[in-house]
S.K.: 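Supplied in structure tokens, the structure appears directly below.
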Amino acid sequence: METIETMRIPGHIAIIMDGNGRWAKRRLMERVRGHEKGSDAVREVVRSCRKLGVVALSLYAFSGENWARPKREVEALMRLLERFLKQERSEILDNNIRLVASGHLHRLPDYVRNKLDSLRAETADNDGMILNLCLSYGGRDELVDACRAIAEKVKRGELMPEAITEKVFEQHLYVPELPPVDLMIRTSGELRTSGFLPWQITYAEFQFPEVFWPDFTKQHLFDAIRDFQRRERRFGHTSDQLKASDTTEKT
Ligand code: FPP
């Protein structure tokens, strides 16, 4: 079905793009072919999210652990990222998308980091949609890095320990302005979060579509959003409380 209810579009969608290798293996192709096809799926999803009015889209493109993959595969992934940044530049600019990145970016090769840095700078004032590329990313790293930055401030006397609140903690994450994740999607049928945005996904709704990432289309995205729209998000409250506050808001 093509149509989608535009009233409750998830503000922040986070996607673990899994299954590129298995997609290729099934076709007796090299794993890298799966990543190439996966890049095409990235394009379609970015475009669709922008059109739907999604506020932020986070994509798990390369984890800290992925550095341990065969050199050839790592190199191919880096080249694909570079190509994506080059080919999508004008579309990102034309669509008022703000590109940000999360992770240990200093580990990326210069040819990727330079492109990333310049597109981040070029799009810094855009306010259409935040596209958060998670690169050399680890959720535990993000939390440890935030703790370290906070500890440094405490050491310098700029922050009192008792002033550390959730809000203050959030301000030390890689991209503090990211809203909480509403919908987390992991393709390929694997039922894990693999350290993806642990702080931000606390109250996310999860979807695990049984499709390898290269085959993920706009229709799968719409299906996930439609399912999200049917869920009751209670945030620790009871159903009755939510219904009562709904009525109060309307009166
Ligand atoms: C996981 O599948 C996927 C990755 C480690 C890389 C994701 C990269 C892309 C989709 C393409 C490049 C990204 C952008 C933003 C242009 P896997 O290789 O672990 O699959 P498997 O579990 O089937 O082996």
Side-chain angles (χ1 to χ4, degrees), residues 13-50 54 56-92 95 97-105 107-109 111-117 119-120 123 129-139 141 174-175 184-197 208-218 220-221:
I13 300 180
I15 309 184
I16 303 180
M17 309 179 289
D18 198 10
N20 293 352
R22 278 164 286 166
W23 181 92
K25 202 170 170 191
R26 289 238 176 126
R27 288 159 179 78
L28 306 177
M29 292 171 175
E30 284 197 66
R31 294 177 56 80
V32 170
R33 283 288 298 121
H35 296 315
E36 281 167 12
K37 188 77 178 18
S39 297
D40 299 337
V42 170
R43 277 189 197 99
E44 185 174 341
V45 163
V46 171
R47 201 167 290 162
S48 301
C49 284
R50 175 70 186 100
V54 168
L57 171 66
S58 290
L59 298 175
Y60 210 172
F62 195 85
S63 75
E65 286 81 23
N66 288 154
W67 291 114
R69 291 195 174 196
K71 199 164 168 268
R72 231 174 83 80
E73 185 171 340
V74 171
E75 173 77 12
L77 277 166
M78 293 300 135
R79 291 281 168 205
L80 277 175
L81 281 165
E82 183 201 20
R83 198 173 78 184
F84 176 82
L85 293 167
K86 201 160 108 190
Q87 289 182 344
E88 297 308 296
R89 181 180 167 274
S90 56
E91 173 134 1
I92 286 176
N95 283 288
I97 293 173
R98 178 177 163 214
L99 182 77
V100 299
S102 298
H104 283 175
L105 308 179
R107 295 188 69 188
L108 297 170
Y111 63 87
V112 175
R113 216 185 41 247
N114 293 343
K115 287 235 160 44
L116 188 65
D117 286 348
L119 200 48
R120 279 156 84 197
T123 61
M129 176 176 88
I130 300 178
L131 174 59
N132 176 33
L133 289 186
C134 297
L135 299 168
S136 189
Y137 177 86
D141 285 339
Y174 293 143
V175 184
M184 207 283 290
I185 300 172
R186 181 181 190 139
T187 55
S188 90
E190 303 285 353
L191 308 178
R192 288 188 295 280
T193 61
S194 302
F196 192 36
L197 303 172
F208 298 100
E210 297 264 350
V211 58
F212 294 137
W213 176 251
D215 286 332
F216 191 86
T217 62
K218 188 168 87 173
H220 295 104
L221 177 72

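First listed ligand is number 1; within each ligand, the first listed atom is number 1. Quick note: numbers below take in every heavy atom, side chains included, and nothing from hydrogens, waters or symmetry partners.
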S.K.: If you count the atoms of ligand 1 from 1 in the order shown, which ones are under 4.0 Å from a heavy atom of D18?
M.R.: 1 (C), 2 (O), 17 (P), 19 (O), 20 (O), 22 (O)
S.K.: Within 45° of the six-membered ring axis of W23 and under 6.0 Å from that ring's centre, is NZ or CZ of R26 located there?
M.R.: no
S.K.: Enumerate the atoms of ligand 1 whose separation from the nearest heavy atom of N66 is less than 4.0 angstrom.
M.R.: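 Per the distance check, 5 (C).
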S.K.: In the protein, which heavy atom is nearest to atom 4 (C) of ligand 1, and how far is it?
M.R.: H35 CE1, 4.0 Å
S.K.: Using a strict 4.0 Å threshold on nitrogen-to-oxygen distance, state whether E30 and R72 make a salt bridge.
M.R.: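 Salt bridge flag = yes for R72 with E30.
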S.K.: Which ligand 1 atoms does F84 reach within 4.0 Å, using its non-hydrogen atoms?
M.R.: 16 (C)
S.K.: Do E82 and R79 meet the salt-bridge criterion of a basic N to acidic O distance under 4.0 Å?
M.R.: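 Counted as a salt bridge, because a side-chain N and a carboxylate O are separated by less than 4.0 Å.
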S.K.: With a cut-off of 4.0 Å, which atoms of ligand 1 are near a heavy atom of R69?
M.R.: 5 (C), 17 (P), 18 (O), 19 (O)
S.K.: Going by the order shown, which atoms of ligand 1 are within less than 4.0 Å of some heavy atom of S39?
M.R.: 11 (C), 12 (C), 16 (C)
S.K.: Measuring from atom 24 (O) of ligand 1, which candidate in R79, R186, R31 has the nearest non-hydrogen atom?
M.R.: R31
S.K.: Counting distance only, does the side-chain N/O of W213 pair as donor-acceptor with the main-chain N or O of D18 below 3.5 Å?
M.R.: no
S.K.: Just jot down the ligand 1 atoms closer than 4.0 angstrom to any heavy atom of G21, in number order.
M.R.: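 The list of qualifying atoms is 17 (P), 18 (O), 20 (O), 21 (P), 23 (O), 24 (O).
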S.K.: To check your reading of the model: name the closest protein heavy atom to atom 7 (C) of ligand 1, its residue, and the distance in Å.
M.R.: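 The answer is A61 O, 3.5 Å.
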S.K.: Any donor and acceptor pair, going by atom type alone, linking the side chain of R113 with main-chain N or O of L108 inside 3.5 Å?
M.R.: yes
S.K.: Heavy-atom contacts under 4.0 Å between F212 and ligand 1: side chain, backbone, both, or neither?
M.R.: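 Looking at F212 and ligand 1, no heavy atom falls under 4.0 Å.
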S.K.: Among V45, V74, L81, which residue places a heavy atom closest to atom 13 (C) of ligand 1?
M.R.: L81
S.K.: Among E73, M17, R26, which residue places a heavy atom closest to atom 1 (C) of ligand 1?
M.R.: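 Shortest heavy-atom distance from atom 1 (C) of ligand 1: M17.
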S.K.: For this output row, return yes or no: ring centroids of Y137 and F62 closer than 6.0 angstrom.
M.R.: no
S.K.: Answer with side chain, backbone, both or neither: which part of K25 has a heavy atom less than 4.0 angstrom from an atom of ligand 1?
M.R.: neither
S.K.: Pick out which of T193, I15, L197 makes a side chain to side chain contact (heavy atoms under 4.5 Å, CB included) with M184.
M.R.: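 Of the listed residues T193, I15, L197, the side chain to side chain contact (heavy atoms under 4.5 Å, CB included) partner of M184 is T193.
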S.K.: Taking both backbone and side-chain atoms of N20, is any N or O found less than 3.5 Å from an N or O belonging to ligand 1?
M.R.: yes
S.K.: Can we say R31 and E73 salt-bridge, meaning some charged N sits less than 4.0 Å from an Asp/Glu carboxylate O?
M.R.: yes
S.K.: Within a distance under 4.0 Å of any heavy atom of W213, pick out the atoms of ligand 1 and give their elements.
M.R.: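 It comes down to these atoms of ligand 1: 10 (C).
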S.K.: Just by distance, with hydrogens left out, do N132 and S102 show a side-chain donor and acceptor under 3.5 Å apart?
M.R.: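 The criterion, which ignores hydrogens and geometry beyond distance, is satisfied for S102 and N132.
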S.K.: Testing the 3.5 Å rule here: is there a donor-acceptor pair between the side chains of S39 and R83?
M.R.: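 No.
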